[in-house]
Amino acid sequence: MDVLLANPRSFCSGVDRAIAIVEQALESFGAPVYVYHEIVHNNVVLGALSGKGAHFITSLDEAPNGAVLVFNAHGVPQRIMREAEHRGMRVFDATCPLVNKVHHEVVRHRAQGREVILVGQAKHDEIIGTMGQVEGGVHVVETVADVARVTVQDPLRVAWATQTTLSLDEAAELVGAIRARFPDAVGPKTDDVCYASQNRQSAVKMMAPKCDVIIVVGSVQSHNTGRLAAVAEEHGARAYRVDRAEQVDPAWLVGAARVGVTAGASAPPQLVNDVVAMLKAAGATRVHELDGPEEKVTFPMPKGMRPMRSSFSALGRSGLAMSSQMRLGA
Ligand code: SF4
């Protein structure tokens, strides 16, 4: 059995920065640090940060006035920001700058009198946060049928935007339906799918036809991880999602000559290394890291915080060195 490693995979800059913000807040102010909703959608990360004193809350009522509070990477509605300020909380905003970019687009369109059709999952934190940047006038669509049902006041004054973690094909289909129904609609050049989602999906598209099975590391609530599994299946591989290596069922590997491994943008690199180690223990003899684009995107930390990477990222770097050695046959 051979193992192929998708490239790139695992952490993106926005996730690494968000986790680093919580870690630095804990270091500077001590526990507890309150985090509004899941900082990123990964259960291993959430468990580790909880162990260090982070409290994940779903309402500001769960934190005392004046507490240290971090907003998650997916963004929060404006009313939560106002409420935190009203309660005298010390706030650090870990919203990914690429999500903020979508917020700004929606605010600009509304200020210019357009209604916005927002492509994404209605219940996802990112969509709730984006809708909450303005007072009404945003219609969320998940399917082409939803696009057909949208009612707007003026079909000539329509704009659209998308969730950052959609699959490229899914985004293209829905944007096509919006453009067909509202030919004057304005929006980004193609969509708002971020570089990290695009790169990870492209890597899986390239890898899937070479694989019998693909293990996708990431939690069930991670939308971009789910898209990676869907892309793998669409391109001919059986895909399985796991949070940790121990969840890989040996029965999945029976008869597989090539097993691909990738990870969603919220899954720490070390978890991928653990899966590779598990596959080697199960009989894999060779590990090939596929070629892929080098990601150089970095985002500045919020005001008052020093530049740093998350501790998960540091662990993963040593793990990647191990993968390289395996690739060279060491
Ligand atoms: Fe930002 Fe994209 Fe990462 Fe989400 S997946 S945190 S939008 S870079």
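As the structure lists them, so they are numbered: ligands from 1, and atoms in each ligand from 1.
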Revision key, fill the gap. So OG1 of T164 and OH of Y195: to nearest 0.5 Å the spacing works out to 11.0 Å
Review point. Yes or no on salt bridge (charged side-chain N to carboxylate O under 4.0 Å, His left out) for E289 and R9, after CA distance, side-chain angles and deciding distance?
Key: CA-CA 11 Å; E289 182 156 21; R9 58 182 180 271; 3.1 Å; yes
Check your understanding: Which of the listed options, C96, G14, S266, holds the heavy atom that is closest to atom 1 (Fe) of ligand 1?
Key -> C96
Practice item. Determine, stepwise, if the pair D61 / R87 fulfils salt bridge (charged side-chain N to carboxylate O under 4.0 Å, His left out). Key: CA-CA 10 Å; D61 291 339; R87 291 173 181 235; 2.6 Å; yes
Point to revise | Distance-only side-chain donor-acceptor flag, T58 / E62, under 3.5 Å | key: yes
Check your understanding: Has C194 got an N, O or S atom lying less than 2.8 Å from atom 2 (Fe) of ligand 1?
Key -> yes
Practice item. For atom 7 (S) of ligand 1, grab the closest protein heavy atom and report residue, atom and distance to one decimal in Å. Key: T164 OG1, 3.3 Å
Study note, to complete from the structure: Y195 heavy atoms within 4.0 Å reach ligand 1 at atoms 8 (S)
Check your understanding: What residue and heavy atom of the protein are closest to atom 3 (Fe) of ligand 1, and at what distance?
Key -> C12 SG, 2.3 Å
**Study point:** Note, D191 side chain near L168 side chain (heavy atom, < 4.5 Å)
**Key:** yes
